[in-house]
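Accompanying notes for the structure given below.
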Amino acid sequence: MKLLQDLDFNELTREVIDGGFPKYRADQLNDMRLRNRDYSEANNLPKAVKDYFSARYAARSVRILETVRGKDAEKYLFLLNDGNIVEGVFMPHNYGNSLCISTQVGCRMGCVFCASGLNGLIRDLSAGEMAGEVLAVNALKGGTPSDRVINNIVLMGSGEPLDNYDNVVKFLKMITDPKGLNFGARNIALSTSGLSEKIRKLADEKIGVVLSVSLHAPTDEQRSALMPVNRSNPISEVMAAADYYFEKTGRRIIVEYALTEQNSDDESIKKLIKLLKGRCLHVNLINLNYVKERGMNGLGRKRVERIAKMLNAAGIGATLRRSMGNDIEGACGQLRNKYLSEKSGGENGI
Ligand code: SAH
Ligand code: SF4
């Protein structure tokens with residue numbers, strides 16, 4: 001069945017008019033879906049409207065199947081209408097609450113350190129499914145459309161957002177729309193493994209979300225060994241696209257660098273400094289999170305601090321991203337996809 005949360009406000013209004021209902025019903029349906037409510041919970045809607053829409057559209061796109069509480073983060077298992085499951089993570093910070101959402105079931109980029117791509121790409125999420133992740137958590141935590149509990153959204157869960165370009169852009173437009181959740185673009189960060197053409201296209205959309213580029217290595221040889229996507233999107237093209245994004249949007253680029261043995265010796269960091277110097281960007285160092293199937297490790301604390309110091313001394317802003325959700329497999333690169341078997345009701349580890 002189609003999803004009500006997949007419609008932008010204009011499309012919703014068109015549906016209301018086509019159904020022969022007065023236009024203001026669109027605002028009521030919109031309020032219902034922004035509160036992540038079902039038709040039965042919308043007391044202001046007459047039966048005729050409920051019958052018409054419930055026959056055509058599911059009111060909610062995702063259901064929270066399970067909440068896993070960790071010491072500094074909370075992970076959710078979102079059940080999609082076809083039985084697929086994606087994960088998201090809620091992180092309270094002193095500057096506001098962030099929600100990390102997934103953009104695809106699985107991922108086809110095959111980075112060697114990441115759990116999200118272990119089963120390849122299963123399917124893209126629709127715009128309404130991404131919105132559903134935000135709406136479900138906001139409602140669960142007692143937020144409303146005008147008084148949100150979520151302040152920042154990061155597209156850093158499973159999936160490569162720019163490999164699902166059209167749906168992600170529609171989601172970004174809906175979630176920043178005053179008729180949507182009215183997020184400021186500066187409160188949304190999109191992380192990409194570096195699809196350079198799509199980075200340029202996103203710059204031209206003029207939405208202006210914060211762009212995070214997963215670099216993870218200073219040379220093409222090292223990067224291709226960690227991230228196969230580098231073979232078709234070499235570092236020079238990714239950096240040129242990031243420069244273009246900055247020119248067009250004025251948003252400082254975030255470079256993500258996950259520290260592990262293969263990319264953290266002094267020689268590599270010197271090359272990294274040479275590559276990044278003079279650009280308007282900030283480096284987020286992430287100590288590589290352990291993924292059991294991948295068998296790669298991060299570095300000791302002292303080495304991480306030393307690398308941050310080397311970058312700072314060269315005039316490159318770099319901070320160590322506090323790894324949240326480690327204890328619940330909810331940190332960067334640890335999110336997975338699952339499938340809820342209809343027959344067994346959960347043979348896939350649920
Ligand atoms: N596909 C996008 C966004 C999701 S991954 C991307 O790759 O950018 C979010 C971030 O987590 C990326 O920077 C990714 O490189 C990083 N990441 C993946 N696996 C990781 C791991 N095991 N430890 C630390 N960071 C990891
Ligand atoms: Fe996909 Fe990002 Fe994981 Fe790479 S790091 S496999 S692009 S989710």
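Quick caveat, the model's predicted, so the values are computed rather than measured. Throughout, numbering of the chain's residues begins at 1 and tracks the sequence. We count ligands from 1, going down the list as the structure has it; atoms in each ligand are counted the same way.
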Hey, does Gly159 sit under 4.0 Å from ligand 2 if you only count heavy atoms?
-> yes
Counting heavy atoms only, which of Ala189, Ser214, Ala115 comes nearest to atom 12 (C) of ligand 1?
-> Ser214
Counting heavy atoms only, name the option from Pro161, Gly333, Ser158, Ser116 that's nearest to atom 18 (C) of ligand 1.
-> Gly333
May I ask you to check whether [X] and [Y] show a side-chain donor-acceptor distance below 3.5 Å?
{"X": "Gln5", "Y": "Ser61", "answer": "yes"}
{"X": "Asn187", "Y": "Asn152", "answer": "yes"}
{"X": "Asn289", "Y": "Gln334", "answer": "no"}
{"X": "Ser196", "Y": "Asn233", "answer": "yes"}

If you have a sec, work out which protein heavy atom is nearest [atom] and how many Å separate them, to one decimal?
{"atom": "atom 9 (C) of ligand 1", "value": "Met156 O, 3.5 Å"}
{"atom": "atom 23 (N) of ligand 1", "value": "Asn289 N, 2.8 Å"}
{"atom": "atom 1 (Fe) of ligand 2", "value": "Cys107 SG, 2.3 Å"}
{"atom": "atom 3 (C) of ligand 1", "value": "Ser191 O, 3.4 Å"}
{"atom": "atom 4 (Fe) of ligand 2", "value": "Cys111 SG, 2.3 Å"}
{"atom": "atom 10 (C) of ligand 1", "value": "Glu256 OE2, 3.9 Å"}
{"atom": "atom 21 (C) of ligand 1", "value": "Cys332 O, 3.3 Å"}
{"atom": "atom 3 (Fe) of ligand 2", "value": "Cys114 SG, 2.4 Å"}
{"atom": "atom 1 (N) of ligand 1", "value": "Gly159 O, 2.9 Å"}

Does ligand 1 have a heavy atom under 4.0 Å from the side chain of Glu160, from its backbone, from both, or from neither?
-> both
Run the numbers for me: atoms of ligand 2, each under 4.0 Å from some heavy atom of Ser193, listed by number.
-> 7 (S)
Say whether [X] and [Y] are linked into one hydrophobic cluster, either directly or through other cluster members, by side-chain heavy-atom distances under 4.5 angstrom.
{"X": "Ile188", "Y": "Phe246", "answer": "yes"}
{"X": "Phe78", "Y": "Leu34", "answer": "yes"}
{"X": "Leu275", "Y": "Val238", "answer": "yes"}

Any atom of ligand 1 sitting under 4.0 Å from a heavy atom of [X]?
{"X": "Ser212", "answer": "no"}
{"X": "Gly157", "answer": "yes"}
{"X": "His216", "answer": "yes"}

Compute both the distance and the angle, then confirm whether Arg148 meets the cation-pi test with Phe183: under 6.0 Å from the six-membered ring centre, within 45 degrees of the axis.
-> yes
Cation-pi, Phe90 ring and Lys75 (6.0 angstrom, 45 degrees) | no
Could you state the interatomic distance from CG (Leu202) to OG1 (Thr192), rounded to the nearest 0.5 Å?
-> 9.0 Å
Numbering as shown, the atoms of ligand 1 that approach Thr192 to under 4.0 Å (heavy-atom distance) | 6 (C), 8 (O)
Do Phe53 and Tyr39 make the cut of ring centroids closer than 6.0 angstrom?
-> no
